[in-house]
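In what follows, a single structure is set out as structure tokens and then discussed.
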Amino acid sequence: MLIPSEKKYDVIVVGAGHAGCEAALAAARMGQSTLMLTMNIDSVAQMSCNPAIGGIAKGHIVREIDALGGEMGKVTDRTGIQFRMLNRSKGPAVWAPRGQCDKKIYAMTMKHVLESQPNLDLKMGEVKELLINGNSVEGVLTNINTAYYAKAVIITTGTFLNGLIHIGEITFGGGRAGDKPSVGLSACLEKQGLEVKRLKTGTPPRLNARSIDFSKLEAQHGDADPAPFSFQTHKITQEQLPCHITYTNENTHDLIKKNINLSPMYSGKIQSRGPRYCPSIEDKVFRFVDKLRHQLFLEPEGRFTNEVYINGFSTSFPQDIQIQLIRSVQGLENAELMRFGYAIEYDFCSPTQIKPTLETKKVENLYLAGQINGTSGYEEAACQGLMAGINACLKNRGQAPFILGRSEAYIGVLIDDLVTHGTEEPYRMFTSRAEHRLLLRQDNADKRLMSYGYEFGLISKEQFLKFNQKQARIIEWIDKLKTKRYQQVSMEQYLRRPEVKLRNVMGLLNEEIGDREVEEQIEIEVKYSGYVEREESMVSRYRNNEEKKVPETIVFKEVMGLRREAQEKFEKIRPVSLGQASRISGITPCDISTLAIYMEKLRRLSA
């Protein structure tokens, strides 16, 4: 017997991982009555794999989430135990913040934020079915037959859809170790016409710190004066903990080769595709046969636990083989495993079935965000959750959707890649995926995106005022450098020299700015002004096609002169603009020209 909930909602979020948290907070902060349903209310914002946030390109995404009013960066700043800015020796486009977090305190802090948020109800419940009316979702049904109704539903189930865990020959159902899988929802999605596929990921063992000989390892410390993730964090003040580095060796590799038939990935037991850029230790040894060793990072999981994460050692070997492999590594000769590594297979929906708003094409008002769309990583999931939350609210209000362009944000690149090309393996963001990465730096995410966050009510008036004051200071100081002269050139021109730093210039002026973020952006904007102007000019040339919207009602088979292949691909992807249409694999300039002529003809007929 169906038992209807006594309260109706504007938005329901299914799942309380990193995508779910950002989706629910965005919806509630935009004034929508929001319900978050999770199978285990004690596992909110769980860091199932490495308790780290950020890294190459991922750190850019976290800064963008923060600029839009999301929560991940703030919680990382509060709960981090080590902070580093990666790639400082390279150009500013690839500088990337990374923070090692206290696993439990991160989850507890995020849960507290959710529980304290007005307009948001957090409840425990396993969703087994979607409630569909015609071609539109109107709510969800739990495994105890409670029906919750809403105008929009956002599914953020991570690796839980029909999750299957592998450790050697042992296989059992699970969304992650210790949590049961979600069974039934995949079948419901397929019933609505969505294509469901399988992916695989994995995690390494966790070691007892008391059993590690740290004297044999190389210590890796955080930055002396760490840069925060959030534009709202003034300074990181908590004590940082060291990580440590060691390496696999010939003995490790020989053990892997000798026992490879016991790995479910190589025995044929696992058929689905795993992450190309985060391979298991088995994969590393067989794919990179010329490498005599592989670097491993030993990272503490928190301040109040002895558990240590061994980054770079993901495996699904049987338990006894895992113990042998770990103890073959220098410093780990007597290591005790507190948790074994495992591989997990799970269902996902091919992301070409969603719109750039993350709403499904088959079912109206149903949104998918996170690993259900084929991505990997907390950061990729969180940004999708944020965008799905924003767009669900905008649609509920009858307002225009929010779609970020590829030249505006890594978030825009990620979503465009997913909906235009799809993925057959867990998608991970890299700086190389962005054509305009010099414009999409981590330091200027606020300049690119904070006005959107303010417009949606996710950024406060006080924070937006501080942002405007910061931008005014940057402009004021750059103008000042243009008027002051040194060695027969302006200070601004002098600063462009590779060997000259802003601190040298300020010393000559005998002045101080006193704000690291302002100083950083001044130096980057001055030194790279020529490159930035060139990138902006390139973006302007391409913007014309991005602004030409493809009508939602267009019937591609009626476009005279359009090749059959192009008709089929356009029908499948349903591009929202000529720009997106041009990025579909196999589409030619002639196809775009034909489509543009047809669109112009439609426009004239409707005028």
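Counting begins at 1 with the first residue of the sequence.
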Q) Do E571 and E568 come within less than 4.5 Å of each other through their side chains, counting heavy atoms only? A) no

Q: Using ring pair (Phe, Tyr, Trp, His ring centres under 6.0 Å) as the criterion, list what pairs up with F286, not counting sequence neighbours.
A: Y266

Q.
Does Y531, at its OH atom, have more than 12 non-hydrogen atoms belonging to other residues, nucleotides or ligands within less than 6.0 Å?
A. no

Q: For F297, look at atom CZ and say whether over 12 heavy atoms of other residues, nucleotides or ligands are found less than 6.0 Å away.
A: yes

Q | All side-chain contact (heavy atoms from CB on, under 4.5 Å) counterparts of C49, not counting sequence neighbours | A | T203, P204, Y309, Y378

Q: Identify whether the distance between the nearest side-chain nitrogen and carboxylate oxygen of K447 and E525 falls below 4.0 Å.
A: yes

Q. CG/L366 to CD1/I12 distance, rounded to the nearest 0.5 angstrom?
A. 11.0 Å

Q: Under the side-chain hydrogen bond (donor to acceptor under 3.5 Å, both in side chains) rule, what do K395 and N365 come out as? Steps first, then yes or no, please.
A: CA-CA 8 Å; K395 186 170 185 189; N365 301 323; 3.3 Å; yes

Q.
Between E380 and R433 (salt bridge meaning N to carboxylate O under 4.0 Å), is one present in this structure?
A. no

**Q.** Test side-chain contact (heavy atoms from CB on, under 4.5 Å) applied to A52 - qualifying residues, sequence neighbours left out
**A.** N50, R98, Q100

Q) Distance from R574 atom CZ to T420 atom OG1, nearest 0.5 Å? A) 14.0 Å

Q.
Tell me whether the NZ or CZ atom of R441 lies within the 45° cone about the ring axis of W95 and under 6.0 Å from its centre.
A. no

**Q.** Heavy atoms of other groups near K572 NZ, more than 12 under 6.0 Å
**A.** no

**Q.** Validation row: R541, M538 side chains within 4.5 angstrom (heavy atoms)
**A.** yes

Q | By salt bridge (Lys or Arg N to Asp or Glu O under 4.0 Å) - contacts of E492 (at least two apart) | A | R496

Side-chain donor/acceptor pairs under 3.5 Å, residues 68-75, sequence neighbours excluded:
residue: E71; atom: OE1; partner: R29; partner atom: NH1; Å: 3.1
residue: E71; atom: OE1; partner: R29; partner atom: NH2; Å: 2.8
residue: K74; atom: NZ; partner: G70; partner atom: O; Å: 2.6

Q) Partners of F464 by ring pair (Phe, Tyr, Trp, His ring centres under 6.0 Å), sequence neighbours excluded? A) Y454, F467

Q: Please examine the side chains of P351 and T423, heavy atoms only from C-beta on, and report whether any two atoms are closer than 4.5 Å.
A: yes

Q: Report the residues that fulfil ring pair (Phe, Tyr, Trp, His ring centres under 6.0 Å) with H166, sequence neighbours left out, ordered by chain and then residue number.
A: none

Q) If we only count heavy atoms from C-beta on, is the V14 to M36 side-chain gap below 4.5 Å? A) no

Q.
Between S376 and Y427 (side chain of the first, backbone of the second, donor and acceptor by atom type, cut-off under 3.5 Å), is there such a pair?
A. yes

Q. In Å and rounded to the nearest 0.5 Å, what is the CG to CD distance from L439 to E408?
A. 11.0 Å

Q) Are Y367 and V11 side-chain neighbours, meaning at least one heavy-atom pair lies under 4.5 Å? A) no

(Q) With rounding to the nearest 0.5 angstrom, report the CG to CD1 distance, L86 to I56. (A) 5.0 Å

(Q) Rounded to the nearest 0.5 Å, what separates atom OH in Y598 from atom CG in L602? (A) 4.5 Å

Q | N396 side chain to D10 backbone, donor-acceptor under 3.5 Å | A | yes

Q) For the side chain of E364 and the backbone of N135, is there at least one donor-acceptor N/O pair under 3.5 Å apart? A) no

Q: Keeping to residues at least two apart or across chains, list the salt bridge (Lys or Arg N to Asp or Glu O under 4.0 Å) pairs with something in residues 545-565.
A: E546-R583, R563-E565, R563-D591, E565-K569

**Q.** Partner set under side-chain contact (heavy atoms from CB on, under 4.5 Å) for R276, not counting sequence neighbours
**A.** R273, R287, E425

Q: Please indicate whether K362 has more than 12 foreign heavy atoms, meaning atoms of other residues, nucleotides or ligands, lying under 6.0 Å from its NZ.
A: no

Q | Y452 and F402 aromatic centres sub-6.0 Å | A | yes

Q: Applying salt bridge (Lys or Arg N to Asp or Glu O under 4.0 Å), name anything that partners R198, two or more places apart in sequence or on another chain.
A: D347

Q) Measuring from C383:SG to H60:NE2, what's the distance to the nearest 0.5 Å? A) 13.5 Å

**Q.** Any P401 side-chain heavy atom under 4.5 Å of L394 side chain
**A.** no

Q) Within a strict 4.5 Å, meaning less than it, do heavy atoms of the R63 and P97 side chains meet? A) yes

Q | K470: salt bridge (Lys or Arg N to Asp or Glu O under 4.0 Å) partners, not counting sequence neighbours | A | D446, E517

Q: Indicate yes or no: at least one non-hydrogen side-chain atom of F570 is less than 4.5 angstrom from one of I584.
A: yes

Q | V94: partners by side-chain contact (heavy atoms from CB on, under 4.5 Å), with sequence neighbours left out | A | N87, K90, T431

